[in-house]
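This report concerns only the one structure given below.
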Protein chains: 2
Amino acid sequence: MKLVEAGEPAAGEYRLDDQIGFILRRAHQRHVALFAAHIADLTPPQFAALAKLRDIGETSQNQLGQLVAMDAATIKGVIDRLKARGMVELGRNDGDKRLIMVRLTDAGRRAVEELVPLAEKITAETLSPLTSREVDTLVRLLAKIA
Amino acid sequence: MKLVEAGEPAAGEYRLDDQIGFILRRAHQRHVALFAAHIADLTPPQFAALAKLRDIGETSQNQLGQLVAMDAATIKGVIDRLKARGMVELGRNDGDKRLIMVRLTDAGRRAVEELVPLAEKITAETLSPLTSREVDTLVRLLAKIA
DNA sequence: CGAAATTCATTCGTATGCAAATGATATCAG
DNA sequence: CTGATATCATTTGCATACGAATGAATTTCG
């Protein structure tokens with residue numbers, strides 16, 4: 001008498017490898033590794049900040065952080081490192097003196113433009129185990145839980 | 001004349017928010033936040049190590065790291081903190097003197113047993129925006145790219 | 001108007017996560 | 001058997017990531 005089908009956990013059993021959190025973490029790890037393999041001198045969060053700045057132009061540090069899903073402490077570190085490398089420059093805001101405005105430098109803009117094709121390749125490679133139908137489905141479902 | 005449908009990027013356009021890497025990062029962030037909300041005194045990697053140890057029994061530190069997708073440096077830190085809290089204990093291996101064997105303490109085992117129901121709740125809550133069909137699909141596709 | 005609440009940026013502490021270098025131990029090849 | 005290779009654990013350095021506390025500036029509200 002077979003009590004449990006193959007691959008189906010018994011009631012009450014907890015399989016780490018089947019948990020969404022564990023799988024999410026591994027999928028994210030793989031993506032970061034592929035990113036590093038193609039773009040060695042910039043991290044995904046750094047590139048995200050540059051790409052977002054290119055799209056929206058100058059913004060405050062915190063605002064940028066919200067747009068790229070980083071809290072205040074995290075975006076500060078990212079911006080500090082991008083600034084040290086001459087990719088962004090900072091300035092005060094006339095209206096609201098609390099704000100630190102961030103904008104791309106010419107070098108930063110050139111870097112984004114150069115890297116976007118590589119970033120597209122990274123996205124494609126990350127998704128390469130899937131059919132294009134599956135890609136659409138995955139992105140849609142993932143966005144739902146993000 | 002409409003050149004681009006709403007939601008469809010023009011050729012060559014790169015939308016950060018649609019990239020799998022960015023969405024993966026946000027989904028992972030949300031899961032970690034939900035985890036912390038339910039299990040305040042343990043991180044997901046720490047719980048993963050405990051859960052895996054419960055399933056497979058004593059192993060070497062590196063072996064455990066491979067099973068929970070952490071490199072040697074990372075698993076060491078996780079084990080150090082679990083050891084400091086009395087959840088695991090370490091020992092030398094008779095056959096191979098390089099190995100550090102790791103096993104659950106009684107307290108560690110009790111902790112896992114107590115936390116598994118909460119972990120199941122976290123998994124369910126992370127996936128709550130999806131139907132059960134969508135859950136199966138997401139897990140399957142995510143596992144493919146992980 | 002002016003006190004209270006909010007927002008922005010910064011700092012500190014803790015915890016992953018990974019690359020690279022190192023020393024100890026095992027294994028393999030000749 | 002022994003030198004070359006490989007594995008295990010450790011350490012250092014760097015980069016997210018977030019909670020909590022802080023000070024400055026702004027907004028809200030009574």
Base-contact (B) and sugar-phosphate-only (S) positions in nucleotides 12-23 of chain D, heavy-atom cut-off under 4.0 Å, - elsewhere: ---SSBBB----

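For A:D106, the side-chain contact (heavy atoms from CB on, under 4.5 Å) test picks out A:R110, with sequence neighbours left out. Partners of A:H28 under the ring pair (Phe, Tyr, Trp, His ring centres under 6.0 Å) rule, at least two apart in sequence or in another chain, are B:H28. Judged as a side-chain contact (heavy atoms from CB on, under 4.5 Å), and not counting sequence neighbours, the contacts of A:D41 are A:I39, A:R85. Not counting sequence neighbours, the partners of A:K121 by the side-chain contact (heavy atoms from CB on, under 4.5 Å) test are A:H38. Residues that satisfy the side-chain hydrogen bond (donor to acceptor under 3.5 Å, both in side chains) test with A:T123, not counting sequence neighbours, are B:Q19. B:N93 pairs by the side-chain contact (heavy atoms from CB on, under 4.5 Å) definition with B:D96, B:L99, B:M101, not counting sequence neighbours. The side-chain hydrogen bond (donor to acceptor under 3.5 Å, both in side chains) search around A:K144 returns B:E134, not counting sequence neighbours.
If you walk DNA chain C from 5' to 3' and mark each nucleotide with an atom closer than 4.0 Å to a heavy atom of chain A, the marks span C:dT7 to C:dC18.
Summarising the geometry of A:A72 relative to A:I75, their closest heavy-atom pair is O-CG2, 3.3 Å, with the distance given to 0.1 Å.
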Side-chain donor-acceptor pairs under 3.5 Å in residues 62-71 of chain B, sequence neighbours left out?
from, atom 1, to, atom 2, distance (Å)
B:D71, OD1, B:A73, N, 3.3
B:D71, OD1, B:T74, N, 2.8
B:D71, OD1, B:T74, OG1, 2.8

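What separates CD of B:Q63 from P of D:dC8 is a distance of 8 Å, to the nearest Å.
Other cluster members for B:L141: A:I20, A:I23, A:L24, A:L127, A:L130, A:V135, A:L138, A:V139, A:L141, A:L142, A:I145, B:I20, B:I23, B:L24, B:L127, B:L130, B:V135, B:L138, B:V139, B:L142, B:I145, joined by side-chain heavy-atom distances under 4.5 Å among Ile, Leu, Val, Met, Phe, Trp and Tyr.
Residues from residues 94-104 of chain B with heavy atoms under 4.0 angstrom of DNA chain C, sorted by number: B:G95, B:D96, B:K97, B:R98.
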